[in-house]
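Notes follow once the structure below has been shown.
Since the model is a prediction, treat every value here as computed from it, not as a measurement. What's counted below: heavy atoms across the whole structure, side chains too, no hydrogens, waters or symmetry copies.
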Amino acid sequence: MTETVFPQEVHDVLVVGGGSVGLSAAVFLARHGVRALVVERESGPRAHPRATGIGPRTIELLREVGLEQAVNEVAVDMTGATLGKITVDTIAGADLATLAADLPTRRQAFDTMTYSPARLRGVCPQNRLDRVLLDAARERGAHVAYDTELLSLEQDADGVTAVVSGPDGTRTLRARYVIAADGVRGQVRRTLGIGVTGPGPLGPELHNVMFHADLSHLTGEYGFALAEITTPEAPGMVMAIDGTTEWVFHTGQEPDPDLVRTAIGDPGLKLEIVSVLGWRARGQVADRFRDGRVFLAGDAAHAVPPTGAFGLNTGVADAHNLAWKLARVLSGRSDAALLDTYHDERRPVALLALEQSLLRMRDLRMHFGHGPEAARLRAEAGAVNAPIVHVGYRYGGASAVEGLPSTEDVTLCLDGSPGSRLPHVWIGERSSLDLVGPDFSVFTGTPVPDPGVPVHVVEGWPYGTVLVRPDGFVAWRGEDDALAAAVRTYTAGA
């Protein structure tokens, strides 16, 4: 390969890794006027589905950048008589009608979710999400380079020099900042010498088996997101990808078509194994999320077991937290000290996600159960309800749940307190969250003197006068006569 040097080509942000978190970072940066260069060593978006559970906060963030509908269109429709997790001997032996009568449907869950305007009609496999994000990133000006691998990076006072290898040879690039979203085995964290905290590998190596088979003769009018298979001959998990013909089977045994047929319970089933991805659950959090001009995000910063669907969602929120801060520092509107808050805010959230996933691995009823019994199990184990992990946590404390008024009712946690996500209130057909723009803004129930940022006067607003950051989190709450000073302080990034 030949080396091509571009001494004048300086990118504001280089994103290493073009998975869901890296592409999300590019989209969020574009919302704030920053064009990112994304390099990904794979030849394109992965076709194999991995995570499927997209949480409410992630949908809020996608809604913010105009992608809620696009993701809904590629998600599996589970708004009807579709179940979440079921436990059965085999799919063929399951009485889905009886299970549907005993368990709440997704539509019922929608009706009780009053804390967010975001809605996803069902599961959205990660490969489908990535396609939406890739199109959005490119449409908004990001450059996404596949078949391009990071070889090295070095920092100095003004930026980062990165050497990458791609289809056109070896190139030397300059960037003012780098987001490392290159996964749990990515190079950047190791290059920086950043250690990790946590139990590390968990359980045996597993196979994620994607297969095509028409199961409509077994599921009928019902569906499910996840089926725990207990038959001794083929234990594992069957996950719906499209709910009709696309499925994934997680197994610890050597995968073959007959093993999958045994799990389904139909020895004559016509099926095709499309691909197999080996994986192993892991629990770890990086000791530092920042090293100079380089920031870790997603699995590069934290590996969270899949129980609870906290890993991917925490990673997307990392990117969202970081994007507006980088944009403000790059434009000179905030002091560079603002970037220190990325580690301070996101690492406690990652520790919470890991802790809660590990607790749920001990007893899945804490996560998939319903009503008082599940709440009792969580209380006894020291676990919190899943919506709090997704959206109810707070910034600014020693932990992400310090000072929360409830570990079960997320609506009580979203009370306008500094460090919490702005409460969702319908204002006509728009949510208060829809009014959060790329700058700081004020929400109040009564008019206030012009503070120099957008002001939203909401009739009946019960949360006092609050200053809201561009990521929708409350920066300050107080008396109107102190508002102007608060705006000066927080917008400067002090």
Side-chain angles (χ1 to χ4, degrees), residues 12-13 24-36 56-70 115-118 133 136-137 139-142 316-335 338-339 341-342 345 391 395 414 416 418-459 461 463-478 480 483-484 486-493:
D12 282 334
V13 179
S24 295
V27 173
F28 297 146
L29 285 165
R31 180 175 186 262
H32 295 282
V34 178
R35 288 188 176 186
R57 181 57 182 161
T58 299
I59 301 302
E60 290 177 1
L61 305 184
L62 295 170
R63 176 188 178 96
E64 177 185 291
V65 293
L67 297 180
E68 182 183 22
Q69 182 56 36
Y115 58 87
S116 174
L133 291 171
E139 288 169 1
R140 289 157 170 78
V316 173
D318 291 342
H320 190 258
N321 179 284
L322 183 57
W324 73 272
K325 296 174 179 178
L326 283 172
R328 289 191 67 89
V329 172
L330 284 165
S331 66
R333 290 174 294 165
S334 291
D335 187 89
L338 176 65
L339 299 176
T341 64
Y342 173 69
E345 292 180 349
V391 72
Y395 295 143
L414 300 173
S420 65
R421 195 267 275 148
L422 177 73
H424 155 61
V425 172
W426 286 115
I427 307 167
E429 295 183 352
R430 303 182 72 189
S431 166
S432 50
L433 299 179
D434 297 332
L435 302 180
V436 176
D439 197 357
F440 282 77
S441 55
V442 172
F443 286 76
T444 181
T446 57
V448 295
D450 182 9
V453 296
V455 176
H456 304 286
V457 180
V458 181
E459 184 178 356
W461 181 258
Y463 303 105
T465 298
V466 296
L467 177 64
V468 180
R469 309 184 327 182
D471 62 353
F473 276 75
V474 177
W476 170 93
R477 179 169 63 181
D480 292 353
L483 175 59
V487 170
R488 289 193 297 270
T489 298
Y490 286 95
T491 57

Heavy atoms, side chains only, cut-off 4.5 Å: are [X] and [Y] in contact?
| X | Y | result |
| --- | --- | --- |
| L62 | V316 | no |
| L339 | L326 | yes |
| V442 | L483 | yes |

If you look at every heavy atom in [X] and [Y], which pair is closest and at what distance?
| X | Y | answer |
| --- | --- | --- |
| T491 | R488 | OG1-O, 3.5 Å |
| G141 | R35 | O-CD, 3.5 Å |
| I427 | S432 | CD1-CA, 4.1 Å |
| P470 | E64 | O-OE1, 4.4 Å |
| A36 | L29 | CB-CD1, 3.9 Å |
| P447 | D480 | O-OD2, 4.4 Å |

Between L433 and V425, is a side-chain contact (heavy atoms from CB on, under 4.5 Å) present by the stated rule, with each step listed?
-> CA-CA 8 Å; L433 299 179; V425 172; over 6 Å; no
For the pair V468 and W476, evaluate side-chain contact (heavy atoms from CB on, under 4.5 Å) and give the outcome as yes or no after the intermediate values.
-> CA-CA 7 Å; V468 180; W476 170 93; over 6 Å; no
Given the side-chain rings of F28 and H320, with only the six-membered ring counted for Trp, is the space between their centroids under 6.0 Å?
-> yes
Can the ring centres of W324 and F473 be said to be less than 6.0 Å apart?
-> no
What's the separation between atom [atom1] in [X] and atom [atom2] in [Y], rounded to the nearest 0.5 Å?
| X | Y | atom1 | atom2 | value |
| --- | --- | --- | --- | --- |
| Y463 | S420 | OH | OG | 9.5 Å |
| S441 | L467 | OG | CG | 7.5 Å |
| Y115 | E60 | OH | CD | 8.0 Å |
| S24 | D318 | OG | CG | 10.5 Å |

May I have the step-by-step check of side-chain contact (heavy atoms from CB on, under 4.5 Å) for V455 and T444, ending in yes or no?
-> CA-CA 8 Å; V455 176; T444 181; 4.1 Å; yes
D434 side-chain N/O to S431 backbone N/O, donor-acceptor pair under 3.5 Å | yes
Counting N and O atoms only, with roles assigned by atom type, does the side chain of R421 sit under 3.5 Å from a partner on the main chain of G416, one being a donor and the other an acceptor?
-> no
Is D439 salt-bridged to R469, cutoff N-O under 4.0 Å?
-> no
How about R140: does its CZ atom have over 12 heavy atoms from other parts shown lying under 6.0 Å from it?
-> yes
Answer yes or no: does atom CD of Q69 have more than 12 heavy-atom neighbours from other residues, nucleotides or ligands under 6.0 Å?
-> yes
For H32, ring pair (Phe, Tyr, Trp, His ring centres under 6.0 Å) partners two or more places apart | none
Qualifying residues under ring pair (Phe, Tyr, Trp, His ring centres under 6.0 Å), relative to F443, sequence neighbours excluded = H456, W461
Residue pair L435, R430: steps toward the side-chain contact (heavy atoms from CB on, under 4.5 Å) verdict = CA-CA 8 Å; L435 302 180; R430 303 182 72 189; 3.4 Å; yes
Establish, from distance only, whether the side-chain atoms of K325 and T341 form a donor-acceptor pair under 3.5 Å.
-> yes
